[in-house]
Amino acid sequence: MSKRKRLLWYSVFGIIILMQVYPVSQPEVFSDNPNDLLKNVEVPENISSMLKSACYDCHSNESVYPWYTNIAPVKWLIYRDINVGREALNFSNWTLLSKVEMAGALDEINDEVSEGDMPMKIYPITHPDAKLSDEDRQAIVDWADELMESLFE
Amino acid sequence: MFYTIFVLIERNHYLIKQKLFIMKRTIIIITPALLFVFSMAFMFDIEKYEQPTVLSSVDAKLEMPANIKSILDKSCMGCHNDASTSTKGKMKLNFDKFNDGKYSTGKMIAKLNGIIKTLDKGKMPPKKFLAKYPDKALSAEETKAVSEWAKTQANTLAGE
């Protein structure tokens, strides 16, 4: 190996190690969520299991972190996605929302799920349970619409 | 034997060089082509928005002061109506559906909440649209007025 090549490899490894050391904080996980949607609203079994497997990793306080999510640069992207996801909609804080906000959230669920924008395309690659068929999507949309109407009866 | 290996390596080297050359050439040709296609798509996207219509009336359950109506007509109705060519804009929010009963009460509240959130984040009107129609931008006061109007209407509809 020539001197230049060796230098190149050293710098590549050095950068990778520096990337691991660069401090980013993992979004916190809370297991006790008294305000959670599934604890306060009666959700059909098929829907709740889909929400759990396809949404809760980013849209709740109960994120699960597989090993590869703690390696940079993957972790930067995933931590950011979880922060953004929780900010947009956090099922763990469901009952803290006003009725108006709940309606808004359910309408957004409808849009995102029916358009295929959520779950993000990359997510089911490592989470096969999160793959939603057209019928699954329709079931979620119908459930969201129904829950939204029931808020204002 | 060494000679054969040497020849093989040399040949391989030559082939790799040739491949690299072809790759380089392809990249050089493809990059401008892709850039061109993207820029065309970008321009086409802007064209889609051009469809100014006027908000005729809204649901009796909604109160719509004249100043709010004129702001919505100016900055929102280009896309958020039945005749819009922006499929996405129409799907996310359609003011005509407030009027013809296609939005249930829950949906109306949800859409009003969506207006508040979108305006808070400064996401509407889209930047691309404003690049073409700078006069359709919302001022800070206009944003605040629409946002407060939507809040009041949503709360009234929700009975809160």
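This one's a predicted model, so the numbers in the text were calculated from it and none came from an experiment. Lettering of chains follows the sequences in order, A, B, ..., and the numbering in each one begins at 1.
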Report task. Answer yes or no: are there more than 12 heavy-atom neighbours, outside A:Glu146 itself, under 6.0 Å from its atom CD? Result -> no
Requested in this report: Specify which of A:Ala105, A:Gly104, A:Ser150 makes the most heavy-atom pairs with chain B at under 4.5 Å.
Outcome: A:Gly104
Report task. Taking all heavy atoms of A:Ala103 and all of B:Gly106, pick out the closest pair and write down the distance. Result -> CB-O, 4.0 Å
Report summary line: Between the CG atom in A:Asp107 and the NZ atom in B:Lys92, the distance rounded to the nearest 0.5 Å is 9.0 Å
Report task. Decide if atom OH of A:Tyr10 counts as having more than 12 heavy atoms of other residues, nucleotides or ligands within a radius under 6.0 Å. Result -> no
Query raised in the report: Do the side chains of A:Met102 and B:Leu157 join up, straight or via other hydrophobic residues, at under 4.5 Å, putting them in one cluster?
Result: yes
Query raised in the report: Would one find more than 12 heavy atoms of other residues, nucleotides or ligands at under 6.0 Å from atom NZ of B:Lys24?
Result: no
Report task. Could you tell me the separation between the CG atom of A:Leu106 and the CD1 atom of B:Ile109, rounded to the nearest 0.5 Å? Result -> 11.5 Å
Report task. Go through the atoms of A:Ala88 and report whether side chain, backbone, both or neither lie under 4.5 Å from a heavy atom of chain B. Result -> backbone
Query raised in the report: When clusters are formed by joining ILVMFWY residues with side-chain heavy atoms under 4.5 Å apart, either directly or through shared neighbours, do A:Ile109 and A:Leu147 land in the same one?
Result: yes
Requested in this report: Count the heavy atoms of every other residue, nucleotide or ligand shown that sit under 6.0 Å from CD1 of A:Ile71, and state whether that count exceeds 12.
Outcome: yes
Query raised in the report: Is the number of heavy atoms from other residues, nucleotides or ligands within 6.0 Å of NZ (B:Lys144) greater than 12?
Result: no
Query raised in the report: Same hydrophobic cluster for B:Met77 and B:Tyr103, using side-chain heavy-atom links shorter than 4.5 Å among ILVMFWY?
Result: yes
Requested in this report: Can you tell which part of A:Glu101 gets under 4.5 Å to a heavy atom of chain B, answering side chain, backbone, both or neither?
Outcome: both
**Report entry** A:Ile17 with A:Met19, same ILVMFWY side-chain cluster at under 4.5 Å
**Finding:** no
Query raised in the report: What's the spacing between A:Leu151 CG and B:Thr105 OG1 if we round to 0.5 Å?
Result: 11.5 Å
Query raised in the report: What part of B:Lys88 is in contact with chain A, defined as an atom under 4.5 angstrom from a non-hydrogen atom: side chain, backbone, both or neither?
Result: neither
Query raised in the report: When clusters are formed by joining ILVMFWY residues with side-chain heavy atoms under 4.5 Å apart, either directly or through shared neighbours, do A:Phe91 and A:Val29 land in the same one?
Result: no
Requested in this report: Could you list which of residues 111-119 of chain B have a heavy atom closer than 4.5 Å to any heavy atom of chain A, in residue-number order?
Outcome: B:Lys111, B:Asn113, B:Lys117
